[in-house]
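Note that this is a predicted model, so its numbers are computed, not measured. For reference, positions follow the sequence shown, starting with 1.
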Amino acid sequence: MSYLGVGVSPANVAGAKMKLNDRKVRLTELILRCSVCALALVTAVLIVTDTQVKEVFTIQKKAKYTDMKALVLLVVVNGIAAAYSLVHGVRCVVCMMKGSVLFSKPLAWAIFSGDQAIAYLTVAGVAAAAQSAAFAKLGEPELQWMKICTMYGKFCNQVGEGIATALLASIGMVLVSCISALGLFRLYGGNKARQISRW
């Protein structure tokens with residue numbers, strides 16, 4: 001009978017739109033969390049497996065990620081981000097299968113705080129690694145730091161690829177933290193709308 005307009009109220013239509021929007025937001029969050037997990041893993045693998053051996057006057061020097069502490073930080077941060085995103089990706093899948101929506105304010109605050117912390121960590125890790133990579137690429141003539149990338153070209157290229165994927169992962173994590181902020185603050189905004197509609 002609803003095709004005739006009988007039994008359809010504006011509240012039912014608005015509720016159906018909200019459920020559709022919630023489903024889209026949850027799907028977007030799941031896709032972003034899975035993307036962050038994959039990109040963070042790719043970053044860690046690219047940087048950890050990156051080595052290059054150069055022979056200087058019959059002495060072999062091996063460049064590896066542990067030589068630059070900013071790259072160690074980037075690997076650790078991306079490992080944490082990948083594990084965190086995997087756990088919350090599983091949570092998103094379970095919530096989608098159950099059809100439940102987040103109604104607990106303490107849990108929403110915990111997710112929001114965790115997402116914010118991971119987003120800040122990933123951005124800080126990318127910034128530190130990019131700064132170190134710039135010194136390796138360009139050197140610092142005033143301090144007599146030489147351009148390392150002229151000697152270790154393959155190493156620098158792979159580090160650059162790792163930093164680029166880490167940047168994508170950090171952008172994804174920032175977007176995820178925006179979605180969790182939306183989910184948290186919607187818990188506080190709904191009561192006001194209900195109170196206004198009563199008047």
Closest non-hydrogen atoms of Arg33 and Gly89, given as atom of the first, atom of the second and distance, are CD-N, 3.9 Å
Of all heavy-atom pairs between Gln158 and Thr49, which one has the smallest distance, and what is that distance? NE2-OG1, 3.4 Å
Heavy-atom pair with the smallest gap, counting every atom of Ala169 and Val36: O-CG2, 3.7 Å
Tightest non-hydrogen contact, residues Leu167 and Val126, listed as N-CG2, 3.8 Å
Shortest non-hydrogen pair, Ala133 vs Ile163, comes out as CB-CD1, 3.7 Å
Close side-chain approach of Lys64 and Asp50, heavy atoms under 4.5 Å: no
Heavy-atom donor-acceptor pair, Ser170 side chain to Val123 backbone, under 3.5 Å: no
Is Thr122 reaching over with its side chain to a backbone N or O of Ala119, donor-acceptor style, under 3.5 angstrom? yes
Neighbour count above 12 (heavy atom, 6.0 Å) for Tyr120 OH: no
Would you confirm whether Thr165, through its side chain, and Gly162, through its main-chain N or O, come within 3.5 Å as a donor-acceptor pair? yes
With distance as the sole test, does Tyr65 use its side chain to make a donor-acceptor pair with the main-chain N or O of Ala70 at under 3.5 Å? no
Same cluster (ILVMFWY, side-chain, under 4.5 Å), Val25 and Val176: yes
In Å and rounded to the nearest 0.5 Å, what is the CG to CG distance from Leu107 to Leu184? 10.5 Å
In the structure I gave you, are the side-chain heavy atoms of Met173 and Leu32 within less than 4.5 Å of one another anywhere? no
Within-4.5 Å side-chain heavy-atom neighbours: Val42 and Glu161: no
Least distance between heavy atoms, Asn78 atom then Leu74 atom: ND2-O, 2.8 Å
